[in-house]
Amino acid sequence: MAHEQILLGMGNPLLDISAVVDEEFLTKYDIKPNNAILAEDKHLPMYDEMSSNYNVEYIAGGATQNSIKVAQWMLQVPGATSYIGSIGKDKYGEEMKKNCKLAGVNVQYYEDDKAPTGTCAVCVVGGERSLVANLSAANCYKTEHLKQPENWALVEKAKYYYIAGFFLTVSPESIQLVAEHAAANNKVFTMNLSAPFICEFFKDVQEKALPYMDYVFGNETEARTFSRVHGWKTENVEEIAIKISQLPKASGTHKRITVITQGADPVVVAEDGKVKLFPVILLPKEKLVDTNGAGDAFVGGFLSQLVQEKPIEDCVKAGCYAANVVIQRSGCTYPEKPDFH
């Protein structure tokens with residue numbers, strides 16, 4: 001059974017500024033649909049423009065934090081999950097703390113006194129989301145914070161770890177510390193490819209963490225980018241999933257399992273050189289509100305069963321259930337209680 005603090009997430013806490021925008025807005029800021037990028041100078045005015053011209057919602061987000069909150073919701077065990085990341089000392093940071101405590105997650109934020117809490121513009125057009133993250137304080141996470149006894153205690157208490165690939169841009173050394181601890185103590189370490197730009201521009205730090213990953217999550221676009229960057233000359237998601245699962249591992253305790261989502265197409269799970277396909281729950285187009293957080297929710301649902309040592313079929317089912325709930329709502333939000341059996 002899941003116990004307190006069994007699952008620890010580390011990542012970039014961001015306050016999602018979410019709005020339904022139009023094609024012109026995307027064009028103006030050179031944003032591609034269904035993508036995730038880091039904000040450049042040209043993007044900075046868009047946050048205010050969204051707030052003044054569109055009907056925006058503020059939701060505590062960031063990929064890892066979303067997944068951890070969904071896992072916590074699915075588990076319904078108080079304090080089963082913990083989360084570490086960096087916020088600013090400001091109203092957005094306070095909002096984030098409040099939001100996570102309400103969600104039942106045990107958070108230990110590093111609070112940076114110079115940078116504001118990170119934000120992520122979630123631009124929704126036709127149900128598809130595009131993300132532009134302005135990391136700010138999230139970019140200031142320090143390994144020293146992780147090493148503080150009360151924070152390292154969370155690492156020691158956890159048996160499962162989840163870190164989105166986005167955190168590779170912030171603190172690869174923190175990831176390495178947790179990964180090595182997991183390998184040395186037969187614990188389960190999981191990561192996400194997270195975005196095409198991570199596979200392309202952070203290939204070296206990603207490769208350093210890869211041997212420690214017992215589960216690798218991603219979507220079909222990220223998988224294909226990963227394949228291209230590694231010179232694999234294949235676009236076939238099933239082949240790529242197998243190849244990722246067979247890359248060298250730091251510890252032989254757990255085999256590596258690759259889990260690739262493909263929107264409305266089946267989820268690809270690769271282990272032991274074989275692939276299994278799991279259909280997702282199809283949703284009529286008119287029920288789709290926005291896809292923001294769908295992938296994060298899938299991982300959260302998956303982890304909620306993994307930490308209970310359920311078979312992979314149940315993990316995928318829970319992932320599909322959570323994603324299905326989230327895409328029918330705005331942002332990565334969910335009803336009070338899950339209805340998963």
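- Side-chain N or O atoms of Ser245 include none that pairs as donor or acceptor with a backbone N or O of Ile257 at under 3.5 Å.
- Between Lys147 and Leu177, the closest side-chain pair of non-hydrogen atoms falls below 4.5 Å.
- Between the Thr225 side chain and the Thr221 main chain, a donor and an acceptor come within less than 3.5 Å of each other.
- To the nearest 0.5 Å, the span separating CD1 on Ile84 from OG on Ser174 amounts to 8.5 Å.
- Contact annotation: the side chain of Gln206 never approaches that of Met191 to less than 4.5 Å [non-hydrogen atoms, C-beta and beyond].
- In this structure, the side chains of Met46 and Cys123 come closer than 4.5 Å at one or more pairs of heavy atoms.
- The closest side-chain donor-acceptor pair between Asn12 and Tyr141, if any, does not fall under 3.5 angstrom.
- Connection of Phe217 to Val307 is established within a shared hydrophobic cluster, with ILVMFWY side chains joined at heavy-atom distances below 4.5 Å, either directly or through further cluster members.
- Each of Val216 and Val268 belongs to its own hydrophobic cluster when Ile, Leu, Val, Met, Phe, Trp and Tyr are linked at side-chain heavy-atom distances under 4.5 angstrom.
- At least one donor-acceptor pair under 3.5 Å links the side chain of Gln328 to the backbone N or O of Asn324.
- The two residues Ile240 and Arg224 come nearest to each other via the heavy atoms CD1-CA, 3.9 Å.
- By the neighbour-count criterion of 12 heavy atoms within 6.0 Å, atom NZ of Lys276 is sparsely surrounded, having that number or fewer from other residues, nucleotides or ligands.
- In this structure, the side chain of Glu128 does not engage the main chain of Val125 through any donor-acceptor pair within 3.5 Å.
- Atom CG of Leu15 is separated from atom OG of Ser136 by 11.5 Å, given to the nearest 0.5 angstrom.
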Test side-chain contact (heavy atoms from CB on, under 4.5 Å) on Glu235 and Ser227 and set out the steps.
CA-CA 7 Å; Glu235 291 269 299; Ser227 171; over 6 Å; no
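- Here the closest non-hydrogen pair linking Thr117 and Tyr92 is CB-CB, 3.8 Å.
- Between Lys159 and Val188, the closest side-chain pair of non-hydrogen atoms is not below 4.5 Å.
- Residue Leu306 holds its CG atom at 9.0 Å from CD1 of Ile6, rounded to the nearest 0.5 Å.
- In this structure, Lys317 contributes its side chain and His341 its backbone to no donor-acceptor pair below 3.5 Å.
- The heavy-atom pair separating Asn66 from Ala60 by the smallest distance is OD1-O, 3.7 Å.
- Following chains of ILVMFWY side-chain contacts shorter than 4.5 Å, one can reach Val170 starting from Phe201, so the two form part of one hydrophobic cluster.
- Taking all atoms of both residues into account, the shortest heavy-atom contact from Asp90 to Pro116 is OD2-CA, 3.3 Å.
- Ring orientation note: the planes of Tyr321 and Trp73 are close to parallel, at an angle under 30° on the 30°/60° scale.
- Aromatic ring orientation, Phe226 versus His230: parallel (interplanar angle below 30°, classes split at 30° and 60°).
- Residues Cys332 and Val70 meet the side-chain proximity criterion, which asks for heavy atoms closer than 4.5 Å.
- Interatomic distance, CG of Leu8 versus OG1 of Thr81, reported as 9.5 Å (0.5 Å rounding).
- In this structure, Pro248 and Arg256 approach most closely via the heavy-atom pair O-NH2, 3.1 Å.
- Side chain to side chain, Asp112 and Ser86 fail the donor-acceptor criterion of an N or O pair below 3.5 Å.
- Aromatic ring orientation, Tyr110 versus His145: perpendicular (interplanar angle above 60°, classes split at 30° and 60°).
- In this structure, Asn99 contributes its side chain and Glu95 its backbone to no donor-acceptor pair below 3.5 Å.
- When atom types are taken as modelled, the side chain of Gln72 and the backbone of Val77 share a donor-acceptor pair closer than 3.5 angstrom.
- Exactly one of Phe302, Tyr160, Tyr162, Tyr161 qualifies for a ring-ring contact (aromatic ring centres under 6.0 Å, His included) with Tyr215. That residue is Phe302.
- Around the NZ atom of Lys157, the shell of radius 6.0 Å holds more than 12 heavy atoms that belong to other residues, nucleotides or ligands.
- Side-chain polar atoms of Tyr109 and Lys97 form no donor-acceptor pair below 3.5 angstrom.
- Closest non-hydrogen pair, Ala71 versus Ser304, comes out as O-CB, 3.9 Å.
- Using a distance-only test at 3.5 Å, with no hydrogens or angles considered, no donor-acceptor pair links the side chain of Lys255 to the main chain of Asp272.
- Of the possible donor and acceptor atoms, none in the side chain of Lys337 sits under 3.5 Å from a partner among the backbone N and O of Pro335.
- Between atom OH of residue Tyr83 and atom OG1 of residue Thr64 there is a gap of 5.5 Å, rounded to the nearest 0.5 Å.
- Residues Trp232 and Lys243 have side chains in contact (heavy-atom distance under 4.5 Å, counting atoms from C-beta outward).
- Annotation: Glu24, atom CD; neighbour count of heavy atoms from other residues, nucleotides and ligands within 6.0 Å does not exceed 12.
- Other residues, nucleotides and ligands place more than 12 heavy atoms under 6.0 Å from the CD atom of Gln76.
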Given Glu220 and Asp265, is the side-chain contact (heavy atoms from CB on, under 4.5 Å) satisfied, shown in steps?
CA-CA 10 Å; Glu220 75 278 38; Asp265 292 329; 6.0 Å; no
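- For the pair Asp214 and Lys249, the salt-bridge criterion is met [side-chain N within less than 4.0 Å of a carboxylate O].
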Intermediate values then yes/no, side-chain contact (heavy atoms from CB on, under 4.5 Å), Glu111 and Ile87:
CA-CA 5 Å; Glu111 293 184 44; Ile87 57 174; 3.9 Å; yes
Is there a side-chain contact (heavy atoms from CB on, under 4.5 Å) between Gln176 and Tyr212? Walk through the geometry before answering.
CA-CA 9 Å; Gln176 213 57 27; Tyr212 296 93; 3.2 Å; yes
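- In the displayed structure, Lys203 atom NZ is contacted under 6.0 Å by more than 12 heavy atoms of other residues, nucleotides or ligands.
- With rounding to the nearest 0.5 Å, the separation of CG in Asn219 from CG in Asn34 is 7.5 Å.
- For Ser171 (side chain) and Phe167 (main-chain N/O), no donor-acceptor pair under 3.5 Å exists by modelled atom type.
- In the displayed structure, Lys42 atom NZ is contacted under 6.0 Å by more than 12 heavy atoms of other residues, nucleotides or ligands.
- Here the side chains of Ile242 and Val275 are in contact, with some heavy-atom distance below 4.5 Å.
- Counting heavy atoms from C-beta on, the side chains of Gln148 and Gln108 never come closer than 4.5 Å.
- Within 6.0 Å of the CG atom in Asp113, the count of heavy atoms belonging to other residues, nucleotides or ligands exceeds 12.
- A tilted orientation is assigned to the rings of His43 and Tyr29, their planes being inclined by 30° to 60°.
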